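Lettering follows sequence order; numbering is per chain, from 1. This is a predicted model, so every value here is computed, not measured.
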Amino acid sequence: MLPAAVPSRQHTVQPMVTGTSVLGIVYDKGVLLAADTLLSYGSMAKAQNIPRLHAVEKTVIGASGEYSDFQRILEILKAKALEETTTSVMDSLYTEESGMTAENTWNYLRMLLYSRRSKFNPFWNELLVAGKDLKGKPFLGSVDKIGTTVRDNFIATGFGAYLAMPLLREKWRPDLTEGEARALLEDCMKILFFRDCRASPRIQLAKCADDEVLVSEPYELDTAAAWQAEAYRQSVGELEDDGGW
Amino acid sequence: MIVASLFVLYLFNNLLTATASSQPVELGTTLVALRYRDGVIVGADSRTSVGSYVSHRAAQKLDTIGDYCIMARSGSAADTQALAVAANQHFQARSYGGCPPTVSQIAHWLRQKTYGKDKSVSLILAGYDPIEKRNCLFSIAQTGALLAHTEPFVAAGSGSSLIMGFLDHACSRELDESEAIKLCVTALKLAMDRDGSSGGLCRLAVITSEGTRQLTFLPDDIETTLKIR
């Protein structure tokens, strides 16, 4: 009698500790990313001050989805960056002088995520990559858990794809200033807080412009103004017809 | 091995293709009711969700049944709305004889409507009994179990488990009205901070021997009442 077969490899296919949307927009001088700082454990808000935007060299990566997979991806990218600093130009992995740009990183992540998906063990993330492309122009691209890549002037992951993208499409112009881009992203993040169960009003911004990469500290959005409409504040029985279910 | 990877494929596929039609409209919810010196306070958040989407961010989960009873709803929005309409119609008709219903009668009637039925309903009934002249707190759980509460507070809904410890600690002595309102809003705010299915405004109702008053608060702004009626 042969012993019963046991699966030789176990794969986790359920995300447990997750982050929600990340938004990105290209403006006249660079790229701006925004994400809230909430980590959810199912429907529970597990941790409320967790940065989901990280800078690696001259690139900023933002992740939605499983947080442990994001940490592993950052580990891999940091190891690659370290490798670059200790390798001579002749042995470098990158043929261009620009070295490890955002576009290179984006392509590398595509290979990483696609190969894991092909083994039925995906990195359960949707990543935004921001920085410069190989020609030195502002770059914003996304990679999802099955290895799909998109490069565009504005991208949103998770719920943002449904709620924020229409606003970004409406308002984007090639000559947006940093202030306008920031106001647009903050407006989108407010709407996501109201309409996404897994979002919070505590957000973080990241900027890649000229040669600087800045990741802001988390701060709270002011959401009180959106509750001032009389219809929201009235109690039952005062609204016509149904009483305001 | 093939069976294991087919199963994994099946899980993977299901997680990628969940659609809105497979997710009911739920009152995710936190409901809190407290006794205080002069009566009872009931509070609820204002979030209605369809999966992870907030379909109504200013929902009204407190319904008046008669002059002295408030029904706080959680569970399926459709099932609980139907119950509220049915209860209002039934008890309005009954009160034409000059005998207003007591909270206990309303609670028992609602239990008959929920026990054994395939409905997702979890309610708190809070009010003042004008005949026996005392405050009442009842709850009806998902399975239809009716509980009459003698303790100072009740909480229900998905956010309630997150604040049970807080309420146990905070309800150790009798409160006056403004303390009770502050406590109710604080409990709701704590639950809304941690429960993804609860959020929005805090809607409160205060029930005393004089009748019912309704208030609305922003969770961060207890000092400024948005509306008093």
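Atom NZ of B/Lys113 is surrounded by 12 or fewer heavy atoms from other residues, nucleotides or ligands within 6.0 Å. Atom OH of A/Tyr162 has 12 or fewer neighbouring heavy atoms from other residues, nucleotides or ligands inside a 6.0 Å radius.
The parts of A/Phe194 that come within reach of chain B are both its backbone and its side chain, each placing non-hydrogen atoms under 4.5 angstrom from that chain. Of the two parts of A/Ala199, neither the backbone nor the side chain holds a non-hydrogen atom closer than 4.5 Å to a non-hydrogen atom of chain B. Residue A/Ala229 does not touch chain B at all, counting heavy-atom pairs closer than 4.5 Å. Contacts of A/Leu163 with chain B are made by side-chain atoms alone, with heavy-atom separations under 4.5 Å and no backbone atom involved. In this structure, chain A has a heavy atom under 4.5 Å from the backbone of B/Ser55, while its side chain stays farther away.
Two residues are said to be in side-chain contact when any heavy atoms from C-beta on lie closer than 4.5 Å; B/Leu162 and B/Leu190 fail this criterion.
For A/Thr18, the side-chain hydrogen bond (donor to acceptor under 3.5 Å, both in side chains) test picks out no residue, with sequence neighbours left out.
For B/Phe91 and B/Trp109, the ring centers sit closer than 6.0 Å to each other.
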